[in-house]
Engineer: 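The structure under discussion is supplied below as structure tokens; questions concerning it will follow.
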Amino acid sequence: MDYDVVVIGAGPSGATAAEDLARSGCKVAFIDRDGRIKPCGGAVPPRLITDFHIPDKQLVAKVNTARMISPTGRQVDIPIENGFVGMVDREHFDEFLRERAKQAGAHRYTGTFLRITRDAEGTHVLYRDKISRNEMKLTAKLVIGADGARSNVARAEVEGGDKIPYVIAYHEIIEAPQATKTYDPMRCDVVYDGKISPDFYGWVFPHGGQASVGMGSMIKSVDVKQATADLRAASGLSDCKTIRKEGAPIPLQPLDRWDNGKDVVLAGDAAGVVAPSSGEGIYYAMVGGRVAATAAAASLASGRVKDLQLARKLFMREHKQVFRVLGAMQNAYYRSDERRERFVSLCHDVDVQKLTFEAYMNKKLVKARPLAHLKIGIKNIAHLTRLVSPLRT
């Protein structure tokens with residue numbers, strides 16, 4: 001089969017790229033590995049719901065509070081004003097996106113990507129069909145690699161694609177109880193405790209009748225399953241039935257280059273677009289898929305392979321500053337329990353709360369209140385230089 005574009009991987013990024021290209025009139029196919037579910041807390045901000053037309057029935061919960069928990073057990077509850085954070089279950093959300101791409105006109109193939117080859121007839125994507133187990137071939141003018149962190153496409157095709165840093169994330173989906181002293185189905189808990197994760201954080205995110213409990217770490221010696229068991233115990237969730245367990249790498253830094261200068265462009269986790277500090281990936285993955293589709297469509301229309309560079313340029317134009325600020329925050333506060341304690345202390349500040357969630361909900365830094373930014377900057381310096389106690393807010 002000959003296509004304008006073949007998309008490898010059909011999580012939120014690949015499915016979005018395939019749908020956008022199909023709706024623009026391109027002949028597009030996507031290949032996905034059926035049954036794979038990525039470990040993910042599942043939080044989606046209002047901007048994602050609006051920009052990508054997500055129906056309400058895909059939201060398994062609507063959260064109105066975020067609780068930050070420090071190494072000493074200090075709790076800071078941050079209300080989500082004038083809205084909510086939606087929660088999705090990736091088992092169903094990703095399939096919804098794939099089916100929507102198919103309904104838009106994209107051809108769906110199920111199997112495992114093997115390699116990309118080229119000859120006089122064009123660029124060929126080879127994959128192993130799930131049912132027949134035969135090696136199959138799709139021919140395309142362009143390829144979008146959306147096959148996740150440690151992407152095989154990136155490793156083989158794009159300079160630097162084999163060197164992306166990542167966190168190993170692990171979570172367990174459990175049957176959630178009704179509200180208890182330690183669990184609230186309307187609240188996301190984020191645990192900054194070196195005993196759970198020495199360099200990232202743990203989470204307890206409600207999914208309606210279920211919950212995602214997990215953590216992440218770059219340190220290979222960390223026992224992620226034991227850390228998650230400890231987190232469940234601390235949250236009073238040890239006795240809840242475990243429905244499924246999942247683990248996967250999550251990238252921590254966008255690649256410097258997303259295309260190979262010929263016929264391949266990366267999207268989503270394959271390009272490294274997960275927000276530092278928060279580890280948020282669904283929104284940025286879908287934006288990554290959209291800009292990859294835009295770049296591919298531009299290249300097809302113009303015949304210029306240089307237009308593939310548009311994907312990274314468009315993404316960074318809007319999100320580079322946010323990633324830079326979040327990266328600086330992670331480097332400053334995640335390095336020790338003392339720093340994590342100070343970070344949670346800083347979250348007591350009402351201005352920090354408002355500016356943080358305004359930025360999260362709208363996906364851009366808020367510049368409307370310069371005095372608030374100045375005050376937060378001074379408090380940051382005071383904590384990082386130990387001029388104040390972490391017990392002070």
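The first residue of the sequence shown is numbered 1, and numbering continues consecutively from there. We use all heavy atoms of the structure for the numbers below, so side chains are in, but hydrogens, waters and symmetry mates are not. In this text the structure is predicted, and so the values were computed from the model without any measurement.
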Engineer: Search all heavy atoms of Met68 against all heavy atoms of Cys347 and return the closest pair with its distance.
Structural biologist: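 Nearest pair, atom of Met68 first, then Cys347: CE-SG, 4.1 Å.
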Engineer: Consider only side-chain N and O atoms of His171 and Ser212, and report whether a donor and an acceptor are under 3.5 Å apart.
Structural biologist: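 Checked: His171/Ser212 side chains pair up, N/O donor to acceptor below 3.5 Å.
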Engineer: Does one side chain, of Glu341 or Thr72, offer a donor that lies under 3.5 Å from an acceptor on the other?
Structural biologist: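 Checked: Glu341/Thr72 side chains pair up, N/O donor to acceptor below 3.5 Å.
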Engineer: Regarding Ser13 and Arg290, do their side chains bring together a donor and an acceptor under 3.5 Å, going by distance alone?
Structural biologist: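 Their side chains do not contain a donor-acceptor pair, so the 3.5 Å distance test is not met.
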Engineer: My understanding is that only residues two or more places apart in sequence, or in another chain, count here; which of them pass side chain to side chain contact (heavy atoms under 4.5 Å, CB included) with Thr112?
Structural biologist: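 If we apply the side chain to side chain contact (heavy atoms under 4.5 Å, CB included) test to Thr112, skipping adjacent residues, the hits are Arg33.
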Engineer: For the residue pair Leu142 and Ala296, what are the closest heavy atoms and their distance?
Structural biologist: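 In terms of heavy atoms, the two residues are closest at CD1-O, 3.5 Å.
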Engineer: Run the salt bridge (Lys or Arg N to Asp or Glu O under 4.0 Å) check on Asp230 and Lys225 step by step: do they pass?
Structural biologist: CA-CA 9 Å; Asp230 294 341; Lys225 293 184 178 180; over 6 Å; no
Engineer: For Thr110 and Asp34, does a side-chain donor sit closer than 3.5 Å to a side-chain acceptor?
Structural biologist: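 Short answer, no.
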Engineer: Are the side chains of Phe30 and Tyr109 in contact, using a 4.5 Å heavy-atom criterion?
Structural biologist: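 A side-chain contact is absent here, since even the closest heavy-atom pair is not under 4.5 Å.
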Engineer: Hey, does the side chain of Arg98 reach the backbone of Ala10 with a donor-acceptor pair shorter than 3.5 angstrom?
Structural biologist: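 Side chain of Arg98 to backbone of Ala10: a pair is present.
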Engineer: For Thr117 and His124, which I'm curious about, is there any donor-acceptor pair between the side chains at under 3.5 Å?
Structural biologist: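 Side-chain D/A pair, Thr117 to His124: absent.
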Engineer: Transitively linked via ILVMFWY side-chain contacts under 4.5 Å: Val60 with Leu48?
Structural biologist: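 Val60 clusters together with Leu48.
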Engineer: Do the side chain of Arg155 and the main chain of Arg150 share a donor and acceptor less than 3.5 angstrom apart?
Structural biologist: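 Such a contact is found between Arg155 side chain and Arg150 backbone.
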Engineer: Is there a donor in the side chain of Glu157 and an acceptor in the side chain of Asn260, or the other way round, less than 3.5 Å apart?
Structural biologist: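 Distance-only check passes for Glu157 and Asn260.
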Engineer: Could you pull out all residues at least two apart from Glu159 that satisfy side chain to side chain contact (heavy atoms under 4.5 Å, CB included)?
Structural biologist: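 Partners of Glu159 under the side chain to side chain contact (heavy atoms under 4.5 Å, CB included) test: none.
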Engineer: Keeping Ser235 on the side-chain end and Leu237 on the backbone end, is there a donor-acceptor pair under 3.5 Å?
Structural biologist: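 Flag not set: sc Ser235 to bb Leu237 has no pair under 3.5 Å.
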Engineer: Quick one: sort the Tyr201 and Trp203 rings into parallel, tilted or perpendicular, breaks at 30° and 60°.
Structural biologist: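 It falls in the perpendicular class, over 60°.
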Engineer: Is a side-chain N or O of Asp129 found less than 3.5 angstrom from the main chain of Ser132, in a donor-acceptor match?
Structural biologist: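 Yes; judged by distance alone, with no hydrogens or angles, the pair exists.
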Engineer: Can you say whether the rings of Tyr334 and Phe343 are parallel (under 30°), tilted (30 to 60°) or perpendicular (over 60°)?
Structural biologist: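 Correct class here is perpendicular.
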Engineer: Val153 and Gly145: which non-hydrogen atoms are nearest, and at how many Å?
Structural biologist: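 For Val153 and Gly145, the tightest heavy-atom pair comes out as CG1-CA, 3.9 Å.
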Engineer: Between Tyr333 and Tyr192, is the gap from one ring center to the other below 6.0 Å?
Structural biologist: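 No, too far apart.
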Engineer: Quick one: does Leu314's side chain get under 4.5 Å of Thr294's, heavy atoms only?
Structural biologist: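 The answer is yes; the side chains approach within 4.5 Å.
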